[in-house]
Every structure is written in C-alpha cells, then in structure tokens.
Amino acid sequence: MGFKFSLWAILLFVYYQSSAAFDPLDPFGNITIKWDVISWTPDGYVALVTMNNFQMYRHIMNPGWTLGWNWAKKEVIWSMVGAQTTEQGDCSKFKGGNAPHCCKRDPVVVDLLPGVPYNQQIANCCKGGVVSSWGQDPSAAVSAFQVSVGLAGTSNKTVKLPKNFTLLAPGPGYTCGPATIVPSTVYWTPDRRRKTQALMTWNVTCTYSQFLVSRHPSCCVSFSSFYNETITPCPACSCGCHNKDKCIKSGSKRATSVGINTPRKDNEPLLQCTHHMCPIRVHWHVKLNYKDYWRVKMAVTNFNYRLNYTQWTLVAQHPNLNNVTQVFSFDYKPLVPYQSINDTGMFYGMKFYNDLLMEAGPFGNVQSEVLMQKDKNTFTFKQGWAFPRKVYFNGEECMLPPPEAYPSLPSHAKTKSVMISAMAASMFWLIHIFIC
C-alpha cells in the first residue's frame with residue numbers, strides 16, 4: 001500500500017511539473033539554446049551558441065539572461081566573443097601569461113552590453129541580455145556568443161556534452177532539459193551559392209513555468225462597462241499582501257523622494273498601496289455599443305516604483321478577437337496556436353511611442369481602444385460575455401475577478417436615470433486607473 005501511494009505521489013508530481021510549464025495560449029513556446037561546433041582546436045573546439053526565444057509573447061527584459069551549466073569533464077573556457085563569464089575561477093594550474101577566460105566547473109555566462117569594441121562582438125550579441133519575443137520581433141528574438149573550449153574532446157566521438165543547464169531570464173521560472181545531439185546546422189555563404197555545416201550540433205530546450213517564479217500572480221484585472229455604474233475591482237490581495245507593510249500611499253511625499261525609482265539588486269518591488277497589491281493592473285472597459293460594432297478600452301497601470309517595462313506585451317483571450325476591425329495606439333497581432341480557433345490576440349506598444357511602461361506615478365500607464373465587429377450569432381452583453389476569458393501581461397497570467405462580480409446588464413425594472421448614471425460611469429472610468 002505504501003509503495004502504491006509513493007508511486008501515485010511521484011506520478012502526480014511529474015504531471016504537475018509538466019503541466020505547469022505548458023501554456024495553452026502558446027503551446028509550442030520555449031527557448032532553444034543551440035551549440036554548433038564550428039572548428040576543432042588542439043585541445044578542444046570552438047562553438048557558436050545561439051539562444052532562440054520561440055515564445056510568442058514572453059520576452060527577456062533588462063537586466064537580461066544568465067546561462068549556466070556544468071562541464072562533463074574538466075573543460076575550461078579559453079576565450080569568449082559576445083559574452084563573458086561572471087567569474088574566472090581558479091586557473092592557478094596554468095603557468096605563464098595565457099590563463100583561460102574561465103576555469104570553473106559550473107560557469108555562468110552573461111551577455112555583453114551594447115557599445116563594446118567590435119573585436120568583442122559577433123552577430124546577435126551584446127544587447128545586455130535583452131531578447132524580444134518571437135511574436136513581437138523574430139529578428140530580435142535571438143542572442144548569440146562564441147566560446148572556445150579547452151581540455152575537451154577533439155572529435156564527435158570524444159566530446160562530452162555539458163549538463164545541468166540553468167537559465168535566468170532575468171529571474172527564475174525556466175527549466176532546461178538535457179543537451180541532445182541533433183543534425184548539424186547548415187549555413188549558407190553570403191552569396192547563397194554554397195552550403196557549409198557545423199561539425200557537431202546539440203540543442204537544449206528550456207520551458208517556462210509561472211509557478212516556479214511565485215505562488216502569487218504578478219498582475220490582476222478590473223472591469224467596467226457603459227451599461228453598469230459598478231466598477232469591478234481586482235480581487236483583494238490578488239498578488240498576495242506580503243508587501244503591504246512596505247508599500248507607499250498614493251500622493252505621499254515619499255512617492256516623489258529622490259532615488260525612489262532606483263532598482264535594487266534583488267529586484268524587490270516597491271509598490272503603491274492598493275487593495276490588490278499587484279505591480280500591474282489591466283483594466284478592461286466596455287466603452288461603446290454600435291449597430292454592427294462594439295468598442296473596448298484597455299489600460300495597463302504600473303504600481304511598482306522601482307521598475308519600468310520595456311517591450312511589454314498584453315495578451316487577451318476573447319471570442320470576438322476573431323474579428324478585430326481596428327486597434328488604436330497599440331500594435332496588435334492575432335495568436336492562433338490552434339488553427340481552428342482564433343480567439344487570442346497580443347497587444348504591445350508602438351516603437352518609440354508607448355513601448356515603455358514607466359514606473360508608478362502619473363506617467364505609469366498606457367492605454368488603447370479596440371473596435372470589433374459583432375457576430376450576430378454570438379454577440380451579447382449578458383452573463384459577462386463582453387469580458388476576457390484570460391489576460392496575460394509579459395507572459396504572466398493575471399488574476400480575474402470572480403464571475404459573479406462582473407458588471408451585469410441592468411434589469412428592465414430599473415429606471416432610466418440609473419441607465420443615464422451608468423452611461424456617465426463610462427466617462428470617468430479613467431480616474432479609476434490611478435486609484436486602488
């Protein structure tokens with residue numbers, strides 16, 4: 001009986017871990033790290049390491065990625081181009097002035113910053129570890145560096161693959177599988193008249209799980225509508241109230257003090273005091289109803305004084321996103337992970353206009369409107385149909401209010417004055433985005 005219970009516990013744990021890393025809105029999303037051995041050296045090899053972010057809406061923001069692994073033998077890193085290890089380690093056994101770049105058994109690598117000398121750069125390097133999502137900009141969803149490995153195998157049969165890969169991007173959340181040998185990468189010459197290929201290639205696949213980051217969400221959603229004067233706020237303590245004692249009240253002198261926006265090395269947030277205590281709130285307002293169209297206004301508010309969000313993304317799931325007519329002041333891209341279902345869309349800021357969400361304060365919000373064409377067979381304002389089924393910010397799923405709290409259609413018994421006041425509520429909902 002004890003053995004059966006232990007077996008079931010193990011199976012449940014494995015199932016939970018595998019399902020936690022599965023994102024139904026981006027089922028094929030992952031970060032793939034490819035090692036291409038491009039030449040052999042007297043005591044090892046030179047490899048081109050390429051990190052491709054195949055996630056549609058989860059990017060790597062500042063301060064960037066950190067990649068680690070364990071060597072299988074006693075390898076050292078002689079040199080690197082486009083990246084560097086954070087520590088050299090003990091290289092005392094190497095005599096003379098030619099010490100390796102890193103002698104640690106478990107090196108940790110970070111990207112170089114922009115502006116380094118050209119002789120330290122290769123293609124797709126030196127962005128401070130910032131990598132775009134595949135859905136936003138595939139050309140910027142890649143990072144690369146070159147590494148020269150010594151005291152290693154010098155042929156396909158003697159090379160031992162690194163193991164125990166870890167990826168911080170920039171914090172925890174990613175789990176990396178073992179390195180797997182795959183068919184060698186093929187390269188075209190610049191004139192595309194000749195193909196060459198890597199001497200050996202292996203891949204490492206890393207998947208993301210929100211549960212590994214925190215047991216609490218990092219964002220929440222509030223609702224309002226033109227047909228109901230009630231504003232449905234984020235649920236209380238949506239993101240946990242563990243920071244309640246350290247928060248800053250809106251309008252206090254501390255909120256404008258010098259250094260309030262300086263990040264900390266541990267990335268601990270400094271939040272504005274709210275009842276939900278989330279760094280990010282998304283507000284969805286059903287604004288207008290036309291004969292053949294309806295209009296929604298979205299606002300994203302940052303309550304964290306220590307962090308701004310570059311290249312932010314907002315993902316919403318709603319059945320009417322299959323017929324978007326126009327999006328104002330945000331860029332938009334439909335996400336169709338399942339060919340037969342088109343109910344998910346990604347919104348993100350326009351470059352150099354609103355792709356930066358500032359820290360908490362008067363400029364810490366971005367907003368847009370979406371015009372959608374009605375489907376006469378499905379459109380309704382009843383039972384909360386007009387509100388999204390899922391909302392993600394920067395790849396993190398946000399907490400929605402409970403269904404019973406959604407703004408509801410007024411009953412026929414209500415007076416005309418109540419309807420007028422509900423219409424008025426849609427005019428001042430913007431005020432709400434600056435309060436709890």
Side-chain angles (χ1 to χ4, degrees), residues 20 23-26 29 55-61 133 135-136 169-173 208-224 231-244 247 250 267-285 296-318 330 335 344-349 354-361 364-368 387-402 405-406 432-436:
D23 185 348
L25 300 188
D26 190 15
Q55 299 174 112
M56 292 302 294
Y57 47 79
R58 185 176 294 109
H59 65 286
I60 302 175
M61 60 186 293
S133 65
Q136 275 183 288
Y208 184 84
S209 170
Q210 188 171 338
F211 298 104
L212 296 179
V213 180
S214 173
R215 60 192 182 95
H216 300 293
S218 60
C219 53
C220 66
V221 185
S222 57
F223 294 144
S224 63
I231 295 176
T232 302
C234 290
C237 292
S238 295
C239 301
C241 283
H242 48 283
N243 290 318
K244 195 78 172 178
C247 66
S250 177
N267 292 323
E268 183 180 355
L270 180 60
L271 302 182
Q272 180 180 319
C273 295
T274 60
H275 77 283
H276 53 74
M277 291 304 296
C278 287
I280 292 292
R281 183 190 60 203
V282 179
H283 188 78
W284 178 285
H285 174 67
V296 167
K297 192 157 192 171
M298 299 179 297
V300 183
T301 304
N302 186 2
F303 292 98
N304 188 351
Y305 286 97
R306 289 184 179 148
L307 182 65
N308 58 40
Y309 294 87
T310 57
Q311 300 181 10
W312 57 267
T313 60
L314 176 67
V315 172
Q317 184 182 41
H318 189 281
F330 284 174
L335 301 178
T344 306
M346 178 177 70
F347 304 86
Y348 51 101
N354 57 1
D355 59 339
L356 172 63
L357 174 58
M358 295 295 290
E359 301 92 344
N365 70 92
V366 290
Q367 49 193 290
S368 179
F387 299 101
R389 281 48 172 170
K390 286 179 179 290
V391 174
Y392 288 66
F393 179 80
N394 272 5
E396 304 285 341
E397 186 171 359
C398 304
M399 177 173 283
L400 300 174
Y406 286 20
H432 175 67
I433 68 173
F434 296 107
I435 61 176
C436 301

Kindly assign one of parallel, tilted or perpendicular to the pair [X] and [Y], based on the angle between their ring planes and the thresholds 30° and 60°.
X: H318; Y: W284; value: parallel
X: W312; Y: F393; value: parallel
X: H216; Y: H242; value: parallel

So which atom in [X] and which in [Y] form the shortest heavy-atom distance, rounded to 0.1 Å?
X: P235; Y: P401; answer: CG-CA, 3.8 Å
X: Q311; Y: Q136; answer: O-OE1, 3.3 Å
X: P388; Y: L400; answer: O-CD1, 3.9 Å
X: P170; Y: I60; answer: N-CG2, 4.5 Å
X: A316; Y: F347; answer: CB-CE1, 4.3 Å

A side-chain contact here means heavy atoms from C-beta on lying under 4.5 Å apart; do [X] and [Y] qualify?
X: Y309; Y: I280; answer: yes
X: R281; Y: C220; answer: yes
X: P269; Y: N243; answer: yes
X: C398; Y: V391; answer: yes
X: M56; Y: M346; answer: no
X: Q367; Y: K297; answer: yes
X: Q317; Y: V315; answer: no

Rounded distance (nearest 0.5 Å) linking atom [atom1] of [X] with atom [atom2] of [Y]:
X: K390; Y: D23; atom1: NZ; atom2: CG; value: 8.0 Å
X: L25; Y: R58; atom1: CG; atom2: CZ; value: 10.0 Å
X: C234; Y: M277; atom1: SG; atom2: CE; value: 12.5 Å
X: N304; Y: E268; atom1: CG; atom2: CD; value: 10.0 Å
X: S218; Y: E397; atom1: OG; atom2: CD; value: 10.5 Å
X: K244; Y: H275; atom1: NZ; atom2: NE2; value: 8.5 Å

* **Check: F387 main-chain N/O paired with R389 side-chain donor or acceptor under 3.5 Å** =>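 Indeed, once roles are kept as given, a pair shorter than 3.5 Å links the two residues.
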* Side-chain donor or acceptor of S238 paired with backbone N/O of H276 under 3.5 Å ->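 No, S238 side chain to H276 backbone: no donor-acceptor pair under 3.5 Å.
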* **H283-S224 side chain donor-acceptor pair, cut-off 3.5 Å** =>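 Result is yes, a qualifying pair exists.
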* Are a donor atom and an acceptor atom from the side chains of Y392 and D26 found within less than 3.5 Å of each other? ->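 Their side chains do not contain a donor-acceptor pair, so the 3.5 Å distance test is not met.
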* To do: Kindly check if C278 and C219 bring their SG atoms closer than 2.5 angstrom.
  =>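 Looking at C278 and C219, their sulfur gamma atoms do not lie closer than 2.5 Å, so the answer is no.
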* Asked: Can you tell which of N302, T310, L307 makes a side-chain contact (heavy atoms from CB on, under 4.5 Å) with L357?
  ->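 For L357, the side-chain contact (heavy atoms from CB on, under 4.5 Å) check succeeds only for N302.
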